[in-house]
Amino acid sequence: MPGMEEEYDPDRSGLNYFFYCIAMKYNLWTGLYCLEPWERNTFNFFLIIILSLSIYTSYLFMPGYIASSVSMSCSALEKVSSSLIEINLASKLPFC
């Protein structure tokens with residue numbers, strides 16, 4: 001019919017169809033299909049901002065957290081290994 005929008009019918013074997021399916025699943029899972037286009041764009045904009053700030057914060061602070069946790073675990077392992085060595089040496093001593 002004239003004036004009707006044609007539905008997108010991609011080739012089902014190509015990469016375009018894969019991305020089309022991913023986009024449709026995203027719209028269904030998040031409920032964006034119920035929104036108007038400007039509302040959908042606003043939601044996606046804020047989602048991208050939140051994700052990018054989260055990734056930036058992780059990139060900025062995670063190396064310090066990882067380094068401190070590794071150093072704490074290494075010192076704890078050294079204490080455990082030294083106590084195990086002392087126990088092992090004490091068990092080899094003859095009783096008086």
Side-chain angles (χ1 to χ4, degrees):
M1 296 175 99
M4 297 288 292
E5 292 183 34
E6 292 185 20
E7 190 173 325
Y8 178 65
D9 188 25
D11 180 22
R12 293 191 182 269
S13 63
L15 192 60
N16 287 337
Y17 182 69
F18 174 75
F19 287 121
Y20 172 76
C21 287
I22 296 294
M24 290 300 110
K25 287 179 184 179
Y26 169 71
N27 283 331
L28 286 173
W29 289 342
T30 56
L32 292 177
Y33 66 93
C34 296
L35 301 177
E36 293 183 16
W38 71 270
E39 294 171 327
R40 190 178 307 138
N41 290 337
T42 304
F43 176 82
N44 288 331
F45 173 75
F46 283 114
L47 182 67
I48 289 171
I49 293 295
I50 289 170
L51 287 176
S52 63
L53 289 175
S54 299
I55 290 170
Y56 174 72
T57 303
S58 298
Y59 172 76
L60 195 63
F61 292 111
M62 286 304 284
Y65 291 142
I66 292 172
S68 65
S69 64
V70 167
S71 67
M72 286 176 29
S73 62
C74 286
S75 65
L77 287 175
E78 288 174 0
K79 290 178 184 178
V80 168
S81 65
S82 65
S83 66
L84 288 176
I85 291 172
E86 290 174 4
I87 291 171
N88 193 13
L89 290 176
S91 65
K92 291 182 181 178
L93 294 176
F95 291 106
C96 295

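These numbers come from a predicted model, not from an experiment.
Under the side chain to side chain contact (heavy atoms under 4.5 Å, CB included) criterion, Trp38 pairs with Glu36, Thr42, not counting sequence neighbours. Residues passing the side chain to side chain contact (heavy atoms under 4.5 Å, CB included) test with Ser58 are Met62, sequence neighbours excluded. Checked against side chain to side chain contact (heavy atoms under 4.5 Å, CB included), Tyr56 has the following partners two or more places apart in sequence or in another chain: Leu60. With sequence neighbours left out, Tyr26 forms a side-chain hydrogen bond (donor to acceptor under 3.5 Å, both in side chains) with Asn44. For Ile49, the side chain to side chain contact (heavy atoms under 4.5 Å, CB included) partners two or more places apart in sequence, or in a different chain, are Phe45, Leu53.
Rounding to the nearest 0.5 Å gives a distance of 9.0 Å between CG of Leu28 and SG of Cys34. With rounding to the nearest 0.5 angstrom, the CZ atom of Phe61 is 13.5 Å from the CD1 atom of Ile66. In this structure, CG in Leu51 is found 13.5 Å from CZ in Phe46, a value given to the nearest 0.5 Å.
Cluster partners of Ile50: none. The rule joins Ile, Leu, Val, Met, Phe, Trp and Tyr whenever side-chain heavy atoms lie under 4.5 Å apart, and it links nothing here. Clustering of Ile, Leu, Val, Met, Phe, Trp and Tyr by side-chain heavy atoms under 4.5 Å joins Met72 with none of the others. Membership of an apolar cluster is not assigned to Tyr59, as no side-chain contact below 4.5 Å to another ILVMFWY residue is traced.
At least one side-chain heavy atom of Leu32 sits under 4.5 Å from a side-chain heavy atom of Leu35.
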